[in-house]
Amino acid sequence: MRTAAIIGGGPAGLMAAEILAISGIAVTVYERKPSLGRKFLMAGRGGLNLTHSEPLDVFMTRYGTAAAWLEPSIKSFPPDALRKWCEGLGEETFVGSSGRVFPKSMKASPLLRAWQARLQKLGVAFKFNATWQGWDTAGNLVFNAETAKPDMALLALGGASWPRLGSDGGWVKYLEGKNIKIASFTPSNCGFTVKWSDIFRAKYAGQPLKPVALTFAGQTVKGEAMLSEKGIEGGAVYALSGSLRDHIAAKGDAVLTLDLKPEMPSEEVAKRLSAPRRGLTLSNFLRREAGLSPAAIALVQENRAAQSMEPAALAALVKAYPLKLESTFPIDRAISSAGGIVRDEVDSGFMLKKLPGVYVAGEMLDWEAPTGGYLLQATFSTAVAAAKAMIDKK
């Protein structure tokens, strides 16, 4: 019986372990934390978004420059296959109004419990509190004081976001020591800092902006943003975070354009704001005529010139508010990370070319995607592809 070590007990590692165990390979999963899937459980706190229901050709565009690299694995294990796998664990799925796919329980914990039970029945062994520390001079895998010499290994150690849950990018030094090229980790699906006034920060931190339409570099995303003490974040912001992050890195800052009344045409906003104020304060005028929320009104008033603007200029500000972003939030607050092992370092089955018999999957690889199910889908699909390649490797 061939043996395999899976290093990392998150979705990628567990999916690979399942496929390998079904094929008759003896699998041991090494996890540095006392329990499995901590980031997976965190992802399910607001509803576990497994994947997305949109057509696959549209789906693939969400991976940007990595789409061609990921396409074979995602087509081999597409969203429909992920849904069937989930349902096989007793967790039916449904498609939400946005096209996102969730388990009916909306939680990750029932799925993870059923999954761990299945893996145990398949004979998968688990070793917890086992921190991987690279290889010794004999080529053995090193975990704390223990070593292992499996026939093959899969690294599923994640990226560098949410390090307290286990993925801190500490594995980079071990692979760089083997001359494997790794793109530096940067925040993805992250928030951005804004220099709010003290009054705005004190009163509106934690308030949502909804509905809102955000535009940057010719791309517009409608949805919700969240104001925070240090800046702005939320789903609509995350969808643009990659291009915003890269622009800030190149230019020093970025200007995000906010439509604070996306459901109302510009002409209608201009018409309403041309009405006489009749002694109303700007705040009450914007609330009555444009129907803006208190947070949106406060944002308009952050522009000190708004008080004296002519109606046309005020309407233009409501429909295209320029918000200067200074920097990304720290990577430990990001939902995911960009960067990782570059494409040229692995073969079509995600085996490291310089380390035969060692495979990688999930966020260790250099790709990124927006929230909406795309992150988990690629994590699962790359794990399936790597596991199948391991089975076929003689």
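These figures come from a predicted structure and were not determined experimentally.
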Q: Measure the spacing between CD of Glu229 and OG1 of Thr193 and express it to the nearest 0.5 Å.
A: 12.5 Å

Q. Any side-chain heavy atom of Asn144 within less than 4.5 Å of one from Gln133?
A. yes

Q) Using 4.0 Å as the upper bound for N to carboxylate O, is an ion pair formed by Glu368 and Arg245? A) yes

Q: Spell out, as yes or no, whether a donor-acceptor pair under 3.5 Å connects the side chain of Asn49 to the backbone of Thr51.
A: yes

Q.
Between Phe185 and Trp171, is the ring pair (Phe, Tyr, Trp, His ring centres under 6.0 Å) condition met? List the steps.
A. CA-CA 12 Å; Phe185 282 115; Trp171 52 266; 5.7 Å; yes

Q.
Checking Glu224 against Leu209 for the side-chain contact (heavy atoms from CB on, under 4.5 Å) test, could you report, in this order, the C-alpha distance in whole Å, the side-chain angles of both residues, the deciding distance, and whether it holds?
A. CA-CA 6 Å; Glu224 179 176 334; Leu209 278 177; over 6 Å; no

Q: Taking the side chain as every heavy atom from C-beta outward, state whether Leu175 and Leu355 have any atom pair closer than 4.5 Å.
A: yes

(Q) Less than 3.5 Å apart, any donor N or O on the side chain of Ser241 or Asn189 sitting next to an acceptor on the other? (A) no

Q) Which atoms form the tightest heavy-atom contact between Gly206 and Met226, and what is the distance? A) O-SD, 3.4 Å

Q) Is the number of heavy atoms from other residues, nucleotides or ligands within 6.0 Å of NZ (Lys173) greater than 12? A) yes

Q. With side chains defined as the heavy atoms from C-beta onward, is the minimum distance between Ile232 and Leu325 less than 4.5 Å?
A. yes

Q. Yes or no on ring pair (Phe, Tyr, Trp, His ring centres under 6.0 Å) for Phe94 and Phe102, after CA distance, side-chain angles and deciding distance?
A. CA-CA 6 Å; Phe94 73 96; Phe102 302 87; 5.7 Å; yes

(Q) Under 4.5 Å between side-chain heavy atoms, counting indirect links through other Ile/Leu/Val/Met/Phe/Trp/Tyr residues: same cluster for Tyr359 and Met15 or not? (A) yes

Q: Check step by step if side-chain contact (heavy atoms from CB on, under 4.5 Å) holds for Leu48 and Leu41.
A: CA-CA 8 Å; Leu48 182 64; Leu41 291 171; over 6 Å; no

Q: Measure from the side-chain N and O atoms of Arg201 to the backbone N and O of Trp196, and report whether any donor-acceptor pair falls under 3.5 Å.
A: yes

Q | Other residues, nucleotides, ligands: >12 heavy atoms within 6.0 Å of Lys33 NZ | A | yes

Q. How are the rings of His52 and Tyr374 set relative to one another: parallel (under 30°), tilted (30 to 60°) or perpendicular (over 60°)?
A. parallel

**Q.** Residue pair Leu20 / Ser23: nearest heavy atoms and the distance that separates them
**A.** O-OG, 2.6 Å

Q: For the pair Trp367 (side chain) and Ala67 (backbone), establish whether a donor and an acceptor sit closer than 3.5 Å, ignoring hydrogens and angles.
A: no

**Q.** Side-chain donor or acceptor of Arg287 paired with backbone N/O of Ser293 under 3.5 Å
**A.** no

Q: Of all the heavy-atom pairs spanning Ala160 and Pro163, show the shortest one and how long it is.
A: O-CD, 4.1 Å

Q. Given side chains that start at C-beta, do those of Pro294 and Gln207 come closer than 4.5 Å, heavy atoms only?
A. no

**Q.** Basic-acidic side-chain contact under 4.0 Å: Glu289, Lys271
**A.** no

**Q.** Lys/Arg N to Asp/Glu carboxylate O, Asp253 vs Lys195, below 4.0 Å
**A.** no

Q: Check each of Thr257, Thr220, Asp259 against Thr215 using the side chain to side chain donor-acceptor pair (under 3.5 Å) test, and report the only one that passes.
A: Thr220

Q: Can you establish whether the number of heavy atoms outside Ile199 located under 6.0 Å from its atom CD1 is more than 12?
A: no

Q.
For Arg45, is the CZ atom crowded, meaning more than 12 foreign heavy atoms sit under 6.0 Å from it?
A. no

Q | Pairwise distance OG(Ser73) to CZ(Phe350) - rounded to 0.5 angstrom | A | 4.0 Å

Q | Verdict with reasoning, Arg100 to Glu54, per salt bridge (Lys or Arg N to Asp or Glu O under 4.0 Å) | A | CA-CA 8 Å; Arg100 300 182 181 199; Glu54 65 191 0; over 6 Å; no

**Q.** Heavy-atom donor-acceptor pair, Thr382 side chain to Ala378 backbone, under 3.5 Å
**A.** yes

(Q) Taking Gly170's backbone N and O only, do any of them form a donor-acceptor pair with Asp168's side chain (distance below 3.5 Å, no angle check)? (A) yes

Q. Can Arg118 and Glu18 be counted as an ion pair, charged N to O under 4.0 angstrom?
A. yes

Q) Is a donor on one side and an acceptor on the other found under 3.5 Å between the side chain of Ser381 and the backbone of Phe77? A) yes

(Q) Measuring from atom NZ of Lys319 to atom CG of Leu273, what distance do you get when rounded to the nearest 0.5 angstrom? (A) 11.0 Å

(Q) With rounding to the nearest 0.5 angstrom, report the OG1 to CD1 distance, Thr131 to Ile7. (A) 11.0 Å

Q) Any side-chain heavy atom of Phe126 within less than 4.5 Å of one from Gln120? A) yes

Q. With a cut-off of 6.0 Å (strictly less than), are more than 12 heavy atoms of other residues, nucleotides or ligands near NZ of Lys104?
A. no

Q: For Gly158 and Ser167, work out which heavy atoms get closest and say how close.
A: CA-OG, 3.7 Å

**Q.** Carboxylate-amine/guanidinium contact Lys127 Glu31, below 4.0 Å
**A.** no

Q: Answer yes or no: is there an ion pair linking Lys261 with Glu263, defined by an N-O contact shorter than 4.0 Å?
A: yes

Q: Evaluate the side-chain hydrogen bond (donor to acceptor under 3.5 Å, both in side chains) criterion for residues Ser197 and Glu302: first the C-alpha distance (whole Å), next the side-chain angles of each, then the deciding distance (0.1 Å), finally the verdict.
A: CA-CA 7 Å; Ser197 67; Glu302 276 285 275; 2.5 Å; yes

Q) When rounded to the nearest 0.5 angstrom, what is the spacing between CZ in Phe380 and SG in Cys86? A) 8.0 Å

Q) Do the side chain of Asp366 and the main chain of Val342 share a donor and acceptor less than 3.5 angstrom apart? A) no

Q) So which heavy atom on Phe40 is nearest to which on Leu111, and how close? A) CZ-CD2, 3.8 Å

Q | Separation between CZ of Arg2 and CE of Met390, rounded to the nearest 0.5 Å | A | 8.5 Å

**Q.** Verify same cluster id: Leu155, Trp69 (apolar side-chain graph, 4.5 Å)
**A.** yes

Q) Would the number of heavy atoms belonging to other residues, nucleotides or ligands and lying under 6.0 Å from CD of Glu92 be above 12? A) no

(Q) I want to check something: taking the side chain as every heavy atom from C-beta on, are Phe200 and Leu299 in contact at a cut-off of under 4.5 Å? (A) yes

Q) So if you build clusters from Ile, Leu, Val, Met, Phe, Trp, Tyr with side-chain heavy-atom gaps below 4.5 Å, do Val212 and Leu227 land together? A) yes

**Q.** Smallest separation among heavy atoms of Ser105 and Glu91, with atom names
**A.** OG-OE1, 2.9 Å

Q: Give me the ring orientation class for Trp132 and Trp135: parallel if the planes are under 30° apart, tilted from 30 to 60°, perpendicular past 60°.
A: perpendicular

Q.
Same cluster or not: Phe285 versus Leu260, using hydrophobic residues (I, L, V, M, F, W, Y) connected whenever any side-chain heavy atoms lie under 4.5 Å apart?
A. yes

Q. Quick one: does Lys210's side chain have a donor or acceptor within less than 3.5 Å of a partner on Ala225's backbone?
A. no

Q) So do the side chains of Thr3 and Val27 get within less than 4.5 Å of each other, counting heavy atoms only? A) no

Q.
Would you say that Phe59 contacts Gln377 through its side chain, given a criterion of any heavy-atom pair below 4.5 Å between the two side chains?
A. yes

Q) Has Lys353 got more than 12 heavy atoms of other residues, nucleotides or ligands less than 6.0 Å from its NZ? A) yes

Q) Linking I/L/V/M/F/W/Y whenever their side-chain heavy atoms sit closer than 4.5 Å, directly or via other members, would Ile6 and Met364 fall into one cluster? A) no

